[in-house]
Amino acid sequence: MTRLNDQVQELLQEYADLISITGGDAFRARSYEKAARAVGGHPEDVARLDAKGLQQIPGVGKSTAEKIAEYLATGRMSALEALRAKIPPGVREMMAVPSVGPKRALALYRDLDIASVDQLAEAVRADRLSEVAGFGERSGEKILHGIELMRQSGGRTLLDAATEQAEQIVRAISAVPGCTRCAYAGSLRRMRETVGDIDVLATAEDSEPLMTALTELPYVAEVIVRGPTKTSVRTAKGLQVDLRVVPEEDWGAALVYFTGSKAHNIKLRTMAVRAGLKLSEYGLFDAESGEKVVSATEDEVYAALGLPWIAPPLREDRGEVEAALRGELPDLVAESDLRGDLHTHTDLTDGLATLEDMIDTAAARGYSYYAVTDHAPDLVMQRMTDEKMLAQREQLRGLADRHKRMRLLHGTELNIGPDGGVDWPAEFLAGFDVCVASVHSHFGADRAAQTRRLIRACENPHVHVIGHLTTRRIGRRGPIDVDLDAVFEAAARTGTAIEINSSPQRLDLRDEDVQRAKRYGVKFSIDSDAHATGHLAYPRYGIGTAQRAWLTTEDVINTWTWQRLKKFLRKDALR
DNA sequence: GCCGTTTTCGGCCCGACTGTTTTCAGTCG
């Protein structure tokens, strides 16, 4: 079950799309789009807000607030239903086909009575598109190709795959003679949990060799567009890569522009306009004379707008510009702040590497403490026993001498049962240095039951960290239905940390929820949940989530010294 | 529809690329 904010976001977005399709005022449509994004990213649950409270959300005015309130009260949004009655749902779905927007979707429906993606594909094959004004031979080909792509990929790319691909491309473009700077930008630089495409920015006097180099990379399957400033290709894995080349003196402005987000850029541009300036990817200009003010570095561009540099993960128009103006930007937690990892596995359960290999790899990362937390017996398929667990503890203690600079912690990942109980009795649990507890079953239990079991787990004095709280797998399994606010309250009250699981398939909690949890005073543990030595590098992605949630080292227990962490782990002493 | 240090009315981010309507609309980011 999705969060109510997400449902409202989807409805408002649909309303905006239908306004566009029916030829309504474009500014009105944009206004609803903006409101949709604002609601989706709003940390507070809209269900807790009345019409007045809803209007406090930036971009939500009287009219939108009324529509949301109506939906919250009745489960319906009559204005939306009125538009739905005019346009079949398939017409809106056609907008998802690349090169088909609201205007063309309507033209296809009006002139050819096409009302679904399937019918569209059929019409192209039957060569009927030329009957509609504005559609030529190439249009049909593009549409068919777009439909095919939609069907085979359909989704966004996970952060690790996108990062690896982007780094590979940046290396290749950087090596081209004449290339003076190159980096990736876009949602990847902002560390969003998934990315739709990769934006690469480069500087060179002559863009031609760089564009050619991109199109000739071995893993490039297709060239989508090719121009002097922008070239787009699709990789063999179906990922779109846009390369933009600008003169070196415009690097800063271009990097701001292509890093986004769109909403952040709009805010910066609006500030520029108010100051008599104009901001584009080519620089910050005087609006009247057209003379360039600055554009060489991001620092300069922000400074000219009266702002300090803003870290990319914050650039979502979630209050970062206002915070920057007040001089209150958070000192974000960084990967180098991590002193340890509190959730990892070995081949004693479902990990791939031995205890020694995991510990050696962790030591090489420079950690000052490291916990091994293999699965507990209730996850029956892992065949854990008391004896095996105690034998591992012996083995781990025996390795202490080998890594004098890294404290070894013996832990476990407990299973939170349907009633909130965990695997072992208190006496046995007391023998562990650290206990992570996670939901691994009964994903379908109802909201009340899920909430109850997680609160009970927090209240267990031996549970230090709640692992992957919502159990979602990005693109594969949705989150469990749980009252997160109630769990956050319990976690803060009991001194139980909530994990930011850094596995790119999970990234659980997600950034909006982490931000919300922080307001309750919740502390977090950014863990790898490594099942192999290579996975010990995952926290770079979890750090992205933490940064997007505005966290500082104060919020993250595994940036603390062992002395301080040790106190936190004695949670029963708190009460 | 939203919003306000030029504004309660009149704006609303800006530019590249494509295909096709020989001068520009639509789409995209």
Side-chain angles (χ1 to χ4, degrees), chain A residues 12 15-17 19-21 23-39 54-68 79 94-108 129-130 132-143 145-146 185-188 190 195-201 207 211 223-232 240-246 250 253-254 256-285 287 305-306 317 325:
Chain A
L12 293 175
Y15 192 58
D17 287 346
I19 290 171
S20 302
I21 293 172
D25 178 16
F27 288 115
R28 230 179 118 228
R30 190 188 291 176
S31 177
Y32 278 108
E33 272 180 27
K34 196 179 169 195
R37 276 197 308 272
V39 170
L54 289 166
Q55 283 188 62
Q56 300 302 308
I57 303 174
V60 175
K62 186 160 175 291
S63 181
T64 308
E66 280 170 7
K67 290 182 175 69
I68 299 172
M94 289 197 287
M95 283 174 61
V97 178
S99 81
V100 178
K103 299 284 184 295
R104 302 184 102 192
L106 179 67
L108 290 163
L129 244 50
S130 49
V132 187
F135 288 82
E137 199 176 323
R138 292 280 301 139
S139 304
E141 280 173 33
K142 274 184 89 165
I143 286 172
H145 186 55
S187 54
L188 188 57
R190 301 200 315 276
V195 301
D197 61 16
I198 293 176
D199 293 297
V200 179
L201 181 66
S207 67
M211 299 304 192
V223 178
I224 303 163
V225 294
R226 165 99 196 222
T229 63
K230 172 185 167 174
T231 294
S232 297
Q240 182 170 327
V241 181
D242 295 343
L243 173 62
R244 322 269 184 150
V245 181
V246 299
D250 295 332
V256 169
Y257 180 80
F258 292 120
T259 297
S261 67
K262 194 172 171 174
H264 179 83
N265 286 353
I266 288 172
K267 188 141 247 177
L268 293 185
R269 280 174 186 222
T270 307
M271 286 182 72
V273 169
R274 296 228 173 91
L277 302 166
K278 188 187 73 163
L279 178 62
S280 78
E281 57 264 56
Y282 298 115
L284 189 61
F285 301 90
L305 293 173
D317 190 23
L325 283 170

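The chains referred to below are lettered A, B, ... by the order of the sequence lines, with proteins before strands, and numbering in each begins at 1.
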Nearest whole angstrom, please: distance from the [atom2] of [N] to the [atom1] of [X].
X	N	atom1	atom2	answer
A:D250	B:dA16	CG	P	12 Å
A:L277	B:dT6	CG	C1'	15 Å
A:F285	B:dC13	CZ	P	18 Å
A:R30	B:dC12	CZ	P	9 Å
A:K267	B:dC13	NZ	P	12 Å
A:L243	B:dC17	CG	P	12 Å

Heavy atoms under 4.0 Å, any strand shown: does A:Y32 hit a base, just sugar-phosphate, or nothing?
sugar-phosphate
Along DNA chain B (nearest heavy atom to each residue), the more 5'-positioned of A:R226 and A:K62
A:K62
Below the 4.0 Å mark, does [N] have OP1 or OP2 next to a side-chain nitrogen or oxygen of [X]?
X	N	value
A:S63	B:dG1	yes
A:Y282	B:dC13	no
A:S280	B:dC13	no
A:K67	B:dC2	no

Selected nucleotide, minimal atom distance to A:R269 side chain, candidates B:dG15, B:dC13, B:dC17:
B:dC13
Without placing hydrogens or testing angles, list every side-chain donor-acceptor pair under 3.5 Å for residues 94-103 of chain A, not counting sequence neighbours.
none

The criterion is salt bridge (charged side-chain N to carboxylate O under 4.0 Å, His left out); which residues satisfy it with A:R30, sequence neighbours excluded?
none
Got A:I266 and A:D317 here, is their nearest side-chain heavy-atom distance under 4.5 Å?
no
Minimum side-chain heavy-atom gap A:L201-A:Y257 below 4.5 Å
no
If the C1' atom of B:dT23 is compared with that of B:dT18, how far apart are they to the nearest Å?
15 Å
Considering only the P atoms, how many Å lie between B:dT5 and B:dC13, rounded to the nearest integer?
16 Å
My understanding is that a pair needs two contacts under 3.5 Å, Watson-Crick or G-U wobble. By that rule, which nucleotide pairs with B:dG26?
B:dC17
Just wondering, are more than 12 heavy atoms of other shown residues or ligands nearer than 6.0 Å to NZ in A:K34?
no
Is there a side-chain contact (heavy atoms from CB on, under 4.5 Å) between A:I143 and A:L129 once you walk through the steps?
CA-CA 10 Å; A:I143 286 172; A:L129 244 50; 3.8 Å; yes
Do the side chain of A:R244 and the main chain of A:D199 share a donor and acceptor less than 3.5 angstrom apart?
no
Counting primed atoms plus P, OP1 and OP2 as sugar-phosphate and everything else as base, spell out the protein contacts along nucleotides 19-29 of chain B at 4.0 Å heavy-atom distance: B, S or - for each nucleotide, 5' to 3'.
SSB----SSSB
